[in-house]
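Below: one structure, written as structure tokens.
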Amino acid sequence: MQIKRVWDNQWLTNRGELVLELEEKLKQYLQVSNIILTNNGTVPLQIALKLLGDKGEIITTPFSYVATSAAIVWENCMPVFVDIHPEYLTIDETKIEQAITSRTTAILATHVFGNPCHVETIEAIAKKYNLKVIYDAAHAFGVSYNGNSIFDFGDISTCSFHATKLFHTGEGGAMFAKSKDIQHRLFYSHNFGHNGPLEFYGLGINGKMSELHAAMGLAVLPCMDEIIKDRKRVVDFYNNNLDFSKIKALKIRENTKWNYSYYPVIFKNEKQLVKVQEKLNENKIFPRRYFYPSLNTIEYSKGQSMPISESIASRILCLPLYFNLTNVDLEKITELINISLP
Ligand SMILES: *Cc1c(COP(=O)(O)O)cnc(C)c1O
């Protein structure tokens, strides 16, 4: 039905009717005052770093998807890793200050698995040292913290609407900012810098979402409440049935309305993870090693050792979590895990 509108309009991209409608509906759904839809969740990171990173040192987390640190290197900035909190798995805010130098320009932190960073402390540090804050909120669709959308925090927040994410448009993403000035710069940056057809505000790139992708988003958005509710059922099942004397679950930050986007479990060691993964694979169940390896160990962004992130990355596994995952399958998954561990 949404796709038919695209054919009827004969308008395929450049912020057509469907993109504008999806922006309005997402503003309402997410309770945010501003959103710019984009072609994926990586270009908004690059735009944010281009605008605020100033080719400086960017304090960042080693525990995220590779796009977070790759965007830093791609924009000719330098990633400076700060280790993560062992339970929340977000950047350890108590270790940020000691990593700041005269070349630090920004902090780029990930609300990993939709779990909010310690945004108050990060904001206070940024203020004290005059740094910009960018949140990679790719996993954080629908999350609120202390009653506010998680996208309200930092100078810029970005999200991904990739097919594997909670809410998706096939490929797609979004960026959010509170300041009118930053909103303006984000906007023209994602549209080649255009100020009308013949003039330019500044440098830009093509970060626009197409009408076809917006059609997918408009089709998926009305299902989100039901999807999230059903994912909560799956998460509750795991919480009630996994044997937590042998593994650990993610600790969600206090005062968070979470989105049930991922169900990571942390094993005692990598050997146990591999054993469980093999057992599940034998039964045609395919969990994912999100996120491995720790980003500070990748050649092009090599940083100092990050003992907690490296340790967690080697023994964390995301269990199957999707709409309509049946109780029969859930029983099988939990039993296979529980009996595989000594
Ligand atoms: C998926 C993801 C991205 C990249 O988003 P794309 O839409 O795939 O470009 C960036 N950061 C994190 C943390 C992600 O999980």
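Order of appearance sets the numbers: ligands from 1, and atoms from 1 within every ligand. Remember, it's a predicted structure, so these values are computed and weren't measured experimentally.
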Review point. N/O to N/O below 3.5 Å, does that happen between Gly41 and ligand 1?
Key: yes

Review point. For atom 9 (O) of ligand 1, what's the nearest protein heavy atom and its distance?
Key: Thr42 OG1, 2.6 Å

Check your understanding: Does ligand 1 have any atom sitting under 4.0 Å from a heavy atom of Lys165?
Key -> yes

Review point. With the threshold set at 4.0 Å, does a side-chain nitrogen-carboxylate oxygen contact exist between Glu226 and Lys229?
Key: no

Check your understanding: Got a donor-acceptor contact below 3.5 angstrom from the Thr38 side chain to the Gly173 backbone?
Key -> yes

Study note, to complete from the structure: re atom 15 (O) of ligand 1, the protein heavy-atom contact at minimum distance is His139 NE2, 2.7 Å

Check your understanding: Are Glu23 and Arg15 within salt-bridge range, i.e. N to O under 4.0 Å?
Key -> yes

Exercise for review: Apply side-chain hydrogen bond (donor to acceptor under 3.5 Å, both in side chains) to the pair Asn239 and Tyr263, showing each step before the final yes or no.
Suggested key: CA-CA 10 Å; Asn239 283 342; Tyr263 198 92; 2.7 Å; yes

Review point. Does Lys132 NZ have over 12 foreign heavy atoms under 6.0 Å away?
Key: no

Review point. Between Ser160 and ligand 1, does any nitrogen or oxygen pair lie at a separation below 3.5 Å?
Key: yes

Practice item. In sequence, state the C-alpha distance, the side-chain angles, and the governing distance for Asp136 and Thr68, and then conclude on side-chain hydrogen bond (donor to acceptor under 3.5 Å, both in side chains). Key: CA-CA 7 Å; Asp136 182 341; Thr68 313; 2.9 Å; yes

Check your understanding: What atoms in ligand 1 come closer than 4.0 Å to a heavy atom of Asn40?
Key -> 7 (O), 9 (O)

Point to revise | Arg233 with Asp230: basic N within carboxylate O range, under 4.0 Å | key: yes

Point to revise | Ring center gap for Tyr29 and Phe141 short of 6.0 angstrom | key: yes

Point to revise | Atoms in ligand 1 flagged as close to Ser64, the criterion being non-hydrogen separation under 4.0 Å | key: 13 (C)

Point to revise | Atoms of ligand 1 close to Ala67 [distance to a heavy atom under 4.0 angstrom, numbered from 1] | key: 3 (C), 4 (C), 10 (C)

**Study point:** Closest approach of any protein heavy atom to atom 11 (N) of ligand 1, naming residue and atom
**Key:** Asp136 OD2, 2.7 Å

Exercise for review: Identify, by atom number and element, the atoms of ligand 1 in contact range of Tyr65, meaning under 4.0 Å from any of its heavy atoms.
Suggested key: 2 (C), 3 (C), 12 (C), 13 (C), 14 (C), 15 (O)

Point to revise | Heavy-atom gap Gly173 to ligand 1 smaller than 4.0 Å | key: no

Review point. Is it true that Gly172 lies under 4.0 Å from ligand 1, counting heavy atoms only?
Key: yes

